[in-house]
4 protein chains.
Amino acid sequence: MKPKQVAIVGASGYSGEELVRLLLSHPYAELSAVTSRQYGGQTIAQVFPKFGHLQRAKTLQFSEPKPELLAKQAQLIFLALPHGVAVEFAIPLLHLGCQVIDLSADFRLRNPAAYKDFYAHDHPSPELLTQAVYGLPEIYRASIQKASLVASPGCYPTSILLPAIPLLKAKLIHSSGIIADSLSGVSGAGRKAEADYLFVECNESMRPYGLPKHRHLSEIEQELSLAAGTEVTIQFTPHLIPVNRGILTTLYLAPQEHFSDAKGANLVAEKISACYQEAYGHEPFVRLLEGKALPDTKNVIGTNVLEIAWRLDPRTGRLVVMSAEDNLVKGASGQAIQSMNLMCGWPETSGLS
Amino acid sequence: MKPKQVAIVGASGYSGEELVRLLLSHPYAELSAVTSRQYGGQTIAQVFPKFGHLQRAKTLQFSEPKPELLAKQAQLIFLALPHGVAVEFAIPLLHLGCQVIDLSADFRLRNPAAYKDFYAHDHPSPELLTQAVYGLPEIYRASIQKASLVASPGCYPTSILLPAIPLLKAKLIHSSGIIADSLSGVSGAGRKAEADYLFVECNESMRPYGLPKHRHLSEIEQELSLAAGTEVTIQFTPHLIPVNRGILTTLYLAPQEHFSDAKGANLVAEKISACYQEAYGHEPFVRLLEGKALPDTKNVIGTNVLEIAWRLDPRTGRLVVMSAEDNLVKGASGQAIQSMNLMCGWPETSGLS
Amino acid sequence: MKPKQVAIVGASGYSGEELVRLLLSHPYAELSAVTSRQYGGQTIAQVFPKFGHLQRAKTLQFSEPKPELLAKQAQLIFLALPHGVAVEFAIPLLHLGCQVIDLSADFRLRNPAAYKDFYAHDHPSPELLTQAVYGLPEIYRASIQKASLVASPGCYPTSILLPAIPLLKAKLIHSSGIIADSLSGVSGAGRKAEADYLFVECNESMRPYGLPKHRHLSEIEQELSLAAGTEVTIQFTPHLIPVNRGILTTLYLAPQEHFSDAKGANLVAEKISACYQEAYGHEPFVRLLEGKALPDTKNVIGTNVLEIAWRLDPRTGRLVVMSAEDNLVKGASGQAIQSMNLMCGWPETSGLS
Amino acid sequence: MKPKQVAIVGASGYSGEELVRLLLSHPYAELSAVTSRQYGGQTIAQVFPKFGHLQRAKTLQFSEPKPELLAKQAQLIFLALPHGVAVEFAIPLLHLGCQVIDLSADFRLRNPAAYKDFYAHDHPSPELLTQAVYGLPEIYRASIQKASLVASPGCYPTSILLPAIPLLKAKLIHSSGIIADSLSGVSGAGRKAEADYLFVECNESMRPYGLPKHRHLSEIEQELSLAAGTEVTIQFTPHLIPVNRGILTTLYLAPQEHFSDAKGANLVAEKISACYQEAYGHEPFVRLLEGKALPDTKNVIGTNVLEIAWRLDPRTGRLVVMSAEDNLVKGASGQAIQSMNLMCGWPETSGLS
């Protein structure tokens, strides 16, 4: 089988670099173009020395991002650009017949009003919002297979949606009062030269930020609402933690069924366990932890796996669900590759294990 | 004024080491004895090279912990021992007329039944539980001044109680449904040679642990209940984070007064602000952050300060309160020194600024 | 081609874990047995949750290490054991016809007297020392291909030998006065529950250790002497640095040819450049950096690549060579896999790129 | 005693912030002005929340740096500015009668030619070079006491000069062939928003930089030459390490006296030990480690102490000396305070212990 040509627009950020890593060793896709305004003319190996032992990295040069040229070089394009910029490339690339996987927030919201509420300006191409498929393969597998435009989810949303959606769909938890407390590694802030993300400012520091109305809330609530069949509003607090990679999310949920002792908890536990087994028991990239195991970001770093564990608390009647993922893989580039595999009819795990 | 002689029993752990640091430069107290089974015969400077430039550290040797000898060497004794061991020293030391500040959990609970529930054995000296004062100076200042036995609070409890108690006392928040999500540096685990706390196991890792029934819950709920005037049960999730020091707690609270827009939030905000101002506006070791500032553990490391900030969320009607402290200072040894200052009639900030 | 069955004895340390990672995805080898006294009866997935998404990890259980059984389960055995223990397994396994790759120091020295000098006891099986091949593929490729016992080099030695050997062989540098200053991540100390390697003791710390006579010197000097054709004694200072993985070595060398200005340096530079090109220009796992690039351990983490850069200093007439590797991959398990590939006649990069 | 008014020009960088920290609690000096182009009008507490519990930090505002105004506000001025900028303030401030302590490189070199060689432009005020005193109190105590302009040494130079100078003065080591291999925490790069110093780029990374002709070499070689009484040229390699603070230097030196066994080494060791004892046995800020102890940056962080240990190697005949310091304290602001104490006739350790 001849490999498919794929390109990355905006390949010099952390998500772009991770796409480069995954695509350089993908069995069916061939990286045919990478763009960067900053590094035009340099090879991948020059910009990212870590790939210097790979032949393709020594020859493939960064180029200026030009849609018409990209459409000739590749059939499928990843956009790893800031929100607001991605849409400007997606429009012409789709017109030129390319498949597009966008890692920004530009196509994640179905409702232009929600976009304006969270991003403070009108969406430049609202008609594309209905065309785009939200790229969470475990939830939208069939739609992704047929999509020409995939809006790959954000890192926080992935860590919240995968644990919460099955419980909401099964009506095992109340749709109100949901709290998501998340911890993120610093790569989540991107490769921006800002003082806040200097080593000395982050190391030996733990801090919340961006609350109470972080932009990721818009896509989180959209997808939770769809799962619950009713409008869902959640509390979300992100924290910045001195690790390179990883997101650890703790969800505080209220089971529909009341319990106040170990026995009652056991009955609820059986249903939750069955729900997760049905939803993810056969998923290659969701790991349901058993026994005393709890999520730990170090166990998912570099992989496309999201870990889930949960505990019922008979003292409070509450359900606590925890998840761990690599924000740059399952939370960004790995999940985008997973979508590509589906869009192209390849085994879903290709290049990801 | 002749300095008061004080001793530390169990001075080789992280809390003990921090007590050494603070007492070596205290203006009114003089460190007259330090004990350690492991380091008997060695000087402080030998065990902790970082204090090697201080004269006293070069001469003062670790000794075996013997109550009768300690009572001759010091009038006030800090116990920095594992729970269950501290009580064995507190009993004879109190009999011998010493003032005792215990940093373990042995005297923090007023109710022997709660002790048994959380620690799985009967308390060896329940009569002392009524004598002991819970060493949170901002709450129990007057009692500490007269105490002969102070049970210095745990690190997590301090970070939760100081932000929550004034709101509960003022009936500004509901006493049910409280959630505390906490992040702790690795020194919180003590200087134990266990594989879980090796550098490689903690670095680049974020993980929850000990939920849903962490032992610190017992003292947290005891004190919250006292503040609320009714029994309080909370949800508490601790996480281990790769920093040496610091605790960052995020509290999810339900204001008694309903609001659903910015205007309503402003009215509630005024009351919360006034409540905190009244409670802590003049406290030397509580910093109420203003404007856009949010707590950051790097801003409290090495100090006895606890930072508090809060946000009302008109979308959810909830109050989110965040606090940051150094787990070894305000969360342990600094707070114990603060109690000592009160017990001895010295300015409360002595040796702490 | 039917995969070859391979086993790991002592698979629960960091090198063992890394062997597990590499062998679980190796195209020609199949991991058929892993042993651990501590984890007997548990699956790989239970002991190392990070491999939990791989089918084989869910079924393969750790077993007690028994040579006779191992010889039935596998044709090639990796020994990831402490020195002194490895030899006890190597002897019976070789007798039983297995190929053995030992990652300990037990078979690295050709001279039993040197072994005694550095390890303070007689070698238990000196006759095997002549049979063993030092597993540095770039230097001993042909011998490794025919070996039944490979002594895989230590992490520090690899980072020193690969940069130094070509220069010594080509007589471009003096064999006396060599200095190697090395920095190592904490995984180099192994998964030992010792207080020295706790997170809090290593984080925010930089410290030398083990000088001036670190045990690795014995194999370093043996191999440098063979390259130089004369006895070489070097100065070596290892340092412990708060990173999980990586070794960064700085070598201070004296070029045979004198120079004292930029022009003179250029002439010498051409020879050094040609020497390295000839030695490593076609090696898949040695990256010769060009231009202004300098080694950075973050660019080799997780790979089997060793990076080399060098600078001539006209002010001092000296040559400074720097190398970076992942101590657990090129410095241990990856290099051992590279040797396996050679011993088995597979492409040398199999499972390593 | 009425406190002396002192000011900091350029107080928003890491050295400036550390000066703020030390001066806010100095017993004899009072911080009367801080300047910053970026933060003009904000209080210290607003810019550095960590000082928010100190009264003076709540009221003292950053102002624009104007020499005439500064000369009215303070009698002694610290310049924590980039090199090339400091000189522009030093000239008018000295004219206006202020004492000046400059933490930049602008006045460290006595020879304008050396300045031009390393900084690529003529010194703007060469006559001041002869007036300035190099602010290494252990070496130039008497001169500093009488100085009006002190050029406070760089962080790397301090870590190299203090261990090397006594040995050179005593002719115990050869002045040629000296090698200094240094490791620095990231704060050494300053609070510059450059991608190279982002958390993700530094964490899990170890890398050399700036060799073979780092600018600090100019002052290092100047001072070593003065100590040796002959021109000294050294090899110097700095490395960037993922810690906030600290410099660890390893010096490779050749003793004048030959030895090749333990007995010979002992004789040389006695002389070295005596030399260091004489030089530093009574210094409050130099800690000579004994026994098996080796320097560790974590033992000097936050203090003005420099640790020294050394080993003679009978195998090579070489002397290895290691030092550790906090680059922002003994390597910058603490040492500058030490000079201030001398210039003002206060106890040298004031505000530093």
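We use all heavy atoms of the structure for the numbers below, so side chains are in, but hydrogens, waters and symmetry mates are not. In what follows, chains are A, B, ... by sequence order, proteins preceding strands, each numbered from 1.
In this structure, the portion of C:Val305 lying under 4.5 Å from any heavy atom of chain A is its side chain and not its backbone. For C:Pro49, the parts lying near chain A are the backbone and the side chain together; criterion is any non-hydrogen pair under 4.5 Å.
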Taking only distance into account, so ignoring hydrogens and angles, what donor-acceptor contacts under 3.5 Å exist between chain C and chain A?
residue  : atom : partner  : partner atom : Å
C:Pro49  : O    : A:Arg287 : NE           : 3.4
C:Pro49  : O    : A:Arg287 : NH1          : 3.2
C:Pro49  : O    : A:Arg287 : NH2          : 3.2
C:His53  : ND1  : A:Arg287 : NH1          : 3.3
C:Asn203 : ND2  : A:Glu204 : OE2          : 2.7
C:Glu204 : OE2  : A:Asn203 : ND2          : 2.7
C:Arg287 : NE   : A:Pro49  : O            : 3.4
C:Arg287 : NH1  : A:Pro49  : O            : 3.3
C:Arg287 : NH1  : A:His53  : ND1          : 3.3
C:Arg287 : NH2  : A:Pro49  : O            : 3.1

